[in-house]
Visitor: 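If you scroll down you'll find the structure; I have some questions about it.
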Amino acid sequence: MDAFITGSSGVLGQSLLPQLAARGDRMHLFDMVPLAEDARNDLRALARDGGGIAAEHVADMREPAALAKAMAGSEVVYHLAAGQRMKPQFADLSEEEIFTMNVAGVQNVLDAARATGVRKVVFISSSGVYGLPLTPLVDEDTHPKVPLGAYGRSKLEAEVLCLRAVEQGLDVTMLRPMSLFGDGMTGVFVLLFDWVRRDRRVFLLGGGLNRVQMVAADDVARAAVLASSAPDTAGLIVNIGSDPARVPSVRAQVEALIRHAGSGSRVTAIPAALLRNAARVLNVFGISPIVPEHYQLADRNFVLDITRARTRLGWEPQGDNVKLTCDAYDWYRQNWQKVAPKPNPALRLLEAIT
């Protein structure tokens, strides 16, 4: 099978490509960042039955002609690519630029898929479409969708475009994963990993007594592969997260990570209102280490209902919160010199006064 993957060099791409190569898919990669040579070598070793990298296109998903040309001949499209301000390569973009880029990319992918006769599109949306969680378990259909930032708004608008494409005859399935953990991850959790590595205090909004579900990138990749061939899934939207019954409190999860790392870090609770107000001010001046989605959700319970993934895709999460956090930290510990967060004046001040 010929598979076309956007965002192929990202965290999810690095989990999806080995699974596709191992089952013999011929992969057509599309990303602004070329695949690392060590990842390319790993794929060669995994490839079965003529599978592996068939072509690699270093281009922008906002280029319709480049997308259509690269996608020609593919049977399944996995659209993983998206801009997010917590990713280093997009840190300088405004919220509006993030929104515009992501929505344009989805529209171009859908247009190219129709034009080239693609059988199936699997679109990676986000739990960010829900905004503030209002129920103990967040389901796909009845929970309100009120995104907190440009990234979540772009994913919700992209889902509208996908459903419109389904009405026009294209087979599209949408996955809404929680925060992805895996090798190469960036974002707010890298701050946690860096504190733990340096034996610094770990700051938790509101004490960390809330429960926040996460998900392993490998698990999301398996769900995407299952969605590519599951019957009667055109227009289906599916939550993807770790087992809701095994989600500990944030504090318990962080303390488990500290023990795993053998770190001298200690947890320090920060009053929720204080940090939120400070982050809002810092965000205005562009120096907040976290975006609104993070400081508004940090002390909330956020657990997705994954019943639909289990029943419609035959999918089951293999990673739990603690294991996937520890595994991601181990990767970070080995590679921190390349991926450590840039110094932030607000964080330096916080560390200095505590």
Side-chain angles (χ1 to χ4, degrees), residues 84-86 95 125-156 159 175-181 185 187-193 195 202-216 220 237-257 267-283 288-309 317 319-322 324-325 328 346-347 350:
Q84 194 173 15
R85 283 180 57 203
M86 291 301 290
E95 288 282 279
S125 184
S126 170
S127 59
V129 302
Y130 296 115
L132 295 175
L134 304 176
T135 55
L137 281 179
V138 175
D139 77 294
E140 294 93 341
D141 296 330
T142 64
H143 192 281
K145 284 81 178 173
V146 188
L148 299 174
Y151 177 76
R153 288 192 294 109
S154 73
K155 291 293 189 178
L156 188 57
E159 289 183 4
L175 306 184
R176 290 177 181 160
M178 289 296 288
S179 295
L180 265 66
F181 273 64
M185 65 181 290
V188 68
F189 291 100
V190 171
L191 300 176
L192 166 65
F193 295 161
W195 283 332
V202 173
F203 301 97
L204 295 181
L205 181 63
L209 301 181
N210 55 313
R211 298 169 63 242
V212 179
Q213 187 183 35
M214 296 161 186
V215 69
V220 178
I237 298 174
V238 186
N239 285 339
I240 304 293
S242 60
D243 187 343
R246 300 179 64 189
V247 177
S249 72
V250 171
R251 187 181 189 110
Q253 182 173 334
V254 170
E255 289 174 342
L257 171 62
V267 173
T268 298
I270 299 179
L274 175 64
L275 182 57
R276 258 193 281 273
N277 289 335
R280 287 189 184 101
V281 173
L282 294 172
N283 207 49
S288 174
I290 53 178
V291 294
E293 292 95 321
H294 296 138
Y295 62 73
Q296 292 188 53
L297 288 169
D299 61 340
R300 299 287 190 120
N301 290 310
F302 199 169
V303 182
L304 302 181
D305 184 346
I306 61 170
T307 302
R308 183 175 292 173
D320 64 76
N321 273 33
V322 171
L324 61 91
T325 304
L347 289 178
L350 183 62

Visitor: Mark yes or no for whether Arg211, through its side chain, and Pro244, through its backbone, hold a donor-acceptor pair below 3.5 Å.
Guide: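 Yes: the side chain of Arg211 pairs with the backbone of Pro244.
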Visitor: How long is the span from the NZ atom in Lys155 to the OH atom in Tyr130, to the nearest 0.5 Å?
Guide: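 The distance works out to 13.5 Å.
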Visitor: Would Leu132 and Phe302 count as a side-chain contact (heavy atoms from CB on, under 4.5 Å) if you check the C-alpha gap in whole Å, the side-chain angles of each, and the deciding distance to 0.1 Å?
Guide: CA-CA 8 Å; Leu132 295 175; Phe302 199 169; over 6 Å; no
Visitor: Do you know the tightest heavy-atom contact between Ser242 and Gly319?
Guide: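 The pair with the smallest heavy-atom distance is CB-O, 3.6 Å.
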Visitor: Would you name the heavy atoms of Val129 and Gly152 that are closest together and state the gap between them?
Guide: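 Taking Val129 first and Gly152 second, the nearest heavy atoms are CG1-O, 3.9 Å.
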Visitor: Using modelled atom types and a 3.5 Å cut-off, is there a donor and acceptor pairing between side-chain atoms of Asn239 and backbone atoms of Val303?
Guide: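 No; zero donor-acceptor contacts below 3.5 Å.
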Visitor: Please check if the side chain of Asn301 supplies one atom and the backbone of Asn210 the other of a donor-acceptor pair under 3.5 Å.
Guide: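 Between the backbone of Asn210 and the side chain of Asn301 there is no qualifying donor-acceptor contact (under 3.5 Å).
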Visitor: I want to check something: taking the side chain as every heavy atom from C-beta on, are Asp320 and Asp243 in contact at a cut-off of under 4.5 Å?
Guide: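 No, every pair of side-chain atoms sits at 4.5 Å or beyond.
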Visitor: Counting N and O atoms only, with roles assigned by atom type, does the side chain of Lys145 sit under 3.5 Å from a partner on the main chain of Glu140, one being a donor and the other an acceptor?
Guide: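 Yes; at least one donor-acceptor contact below 3.5 Å.
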Visitor: If only atom types and distance count, is the side chain of Asn321 paired as donor or acceptor with the main-chain N or O of Met214 below 3.5 Å?
Guide: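 The answer is yes, because a donor-acceptor pair under 3.5 Å joins these two groups.
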Visitor: Kindly determine whether Leu192 and Val202 satisfy side-chain contact (heavy atoms from CB on, under 4.5 Å), including the steps that lead there.
Guide: CA-CA 7 Å; Leu192 166 65; Val202 173; 3.6 Å; yes
Visitor: Any idea which heavy atoms bring Asp305 and Asp139 closest together, and the distance?
Guide: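 Residues Asp305 and Asp139, closest heavy atoms: CB-CA, 4.2 Å.
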Visitor: Once side-chain contact (heavy atoms from CB on, under 4.5 Å) is applied, do any residues pair with Ala269, and if so which ones, sequence neighbours excluded?
Guide: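 Ala269: no side-chain contact (heavy atoms from CB on, under 4.5 Å) contacts found.
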Visitor: Give a yes or no answer on whether the side chain of Ser125 reaches the backbone of Arg176 with a donor-acceptor pair at less than 3.5 Å.
Guide: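 Looks like no, no N/O pair under 3.5 Å.
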Visitor: Which pair of heavy atoms, one from Tyr151 and one from Ser126, lies closest together, and at what distance?
Guide: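 So the minimum-distance heavy-atom pair works out to CE2-OG, 3.6 Å.
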Visitor: Is there a donor-acceptor pair closer than 3.5 Å between any side-chain N or O of Gln253 and the backbone N or O of Pro248?
Guide: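 Checking the backbone N and O of Pro248 against the side chain of Gln253, no donor-acceptor pair under 3.5 Å is found.
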Visitor: Checking the side chain of His143 only, and the main-chain atoms of Leu134 only, is there a donor and an acceptor separated by less than 3.5 Å?
Guide: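 Checked: pair present.
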Visitor: Quick check: do Glu159 and Leu156 have side-chain heavy atoms less than 4.5 Å from each other?
Guide: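 Glu159 vs Leu156: side chains touch.
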Visitor: What do the steps show when you test Leu257 against Val322 for side-chain contact (heavy atoms from CB on, under 4.5 Å), and what is the final call?
Guide: CA-CA 7 Å; Leu257 171 62; Val322 171; over 6 Å; no
Visitor: Say you draw a straight line from CD1 of Ile237 to CG of Asp141; how long is it, rounded to the nearest 0.5 Å?
Guide: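 Answer for the CD1-CG pair, Ile237 versus Asp141, is 7.5 Å.
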Visitor: Rounded to the nearest 0.5 Å, what separates atom CG in Leu304 from atom OG1 in Thr135?
Guide: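 Between Leu304 CG and Thr135 OG1, I get 9.5 Å after rounding to 0.5 Å.
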